[in-house]
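Both backbone and side-chain heavy atoms feed into the values below; hydrogens, waters and symmetry mates do not. Counting starts at 1 for both ligands and their atoms, following the listed order.
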Amino acid sequence: MYYNDVYEVPLPPNHRFPMGKYKRVRKLVQHQLAGSENLQFLVSPLATTEELTTTHAFEYVQNFEKGYQTPQELRNVGFPWSPEGVLRAFSSVGGTVAAACHVCSQPNRWAAHLAGGTHHAFYDRGEGFCVFSDMAVAANVVLERYPHIQRILLLDLDVHQGNGNAVLFQNDSQVFTFSLHCSANYFSARQRSDLDIELPPNCSDNTYLVTLRYWLQQLEQQSYDLIFFQAGVDVLKEDRLGRMDLSLEGVRRRNGLVYEFAQRHQIPLVICMGGGYPRSEDWEPILEAHASVYVDAYEFWKSHVAA
Ligand SMILES: [Zn+2]
């Protein structure tokens, strides 16, 4: 498990992004998995410019690194520029690249990033707290480095559409983008993924799980060499932005369906964090939901693979 909470962007007071959640989730996961075997926590490396430019424009990467964005560009992303922010953005991609390279080296593996899942970034611009697309960069890097990786599934279960990845892979037959999201949660133009499924606001556990199970069955008709799972927990009832009604149990069953899918087809899996926006008075439900993604993944693989 990679984590990048060593880099935090200094934010103005009352900024709505929960910067502190990364460290709190990592500590919760480490606490819940204390003493577990075959598990390592590693600091996410910084992505290189070479890796980033598999996916993003060189000029965009350079301008971001040097702090040359326009006020409008900064507003679209939602963070002020800072040197720490550059390190955070680079490590947010680097951890996902490292996790992907780890699972590509051996079959039936999984790895996770306790960050990333920044699915609203495009070729030469960012939005919605996303500077770069970590999953897209990692997908392009492993396609270059590992000849046996030919088909990749981006499975995006964040409550928001993975609009950046939809566009980045629009004409790419090697990467299939699937986004299951809430119909009432677009904050910019709707894009076309290879498969977009919209659920209504206030959708319950049952509707969500029936829908996901059905579409995962449809995906079984294709074969994939690698899955990236964007495991945003902003589908949770307690989320401040999400507008859905899933319980913690529902989120955990959702994740279980993904883990079973990957395990059944022996597809390596990379898990990324994605969205989760606690209400100011109570962070626990969001922290618990994020942590459960990782803890359940560990327990699942321990019982199914290591056994
Ligand atoms: Zn989201």
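- Within Asp234, OD2 is the N, O or S atom that lies nearest to the Zn ion (ligand 1).
- The Zn ion (ligand 1) has His160 among its coordinating residues (N/O/S atom, backbone or side chain, under 2.8 Å).
- With salt bridges taken as basic N to acidic carboxylate O contacts below 4.0 Å, one links Glu51 and Arg145.
- Of all the N, O or S atoms in Asp158, the one closest to the Zn ion (ligand 1) is OD1.
- In this structure, the ring of Trp81 has its center no less than 6.0 angstrom from the ring center of Tyr68.
- You'll find the side chain of Asn255 stays beyond 4.5 Å of the side chain of Val258, heavy atoms only.
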* Given ring pair (Phe, Tyr, Trp, His ring centres under 6.0 Å), test His181 with Tyr186 step by step and report yes or no. => CA-CA 9 Å; His181 50 265; Tyr186 290 88; 5.5 Å; yes
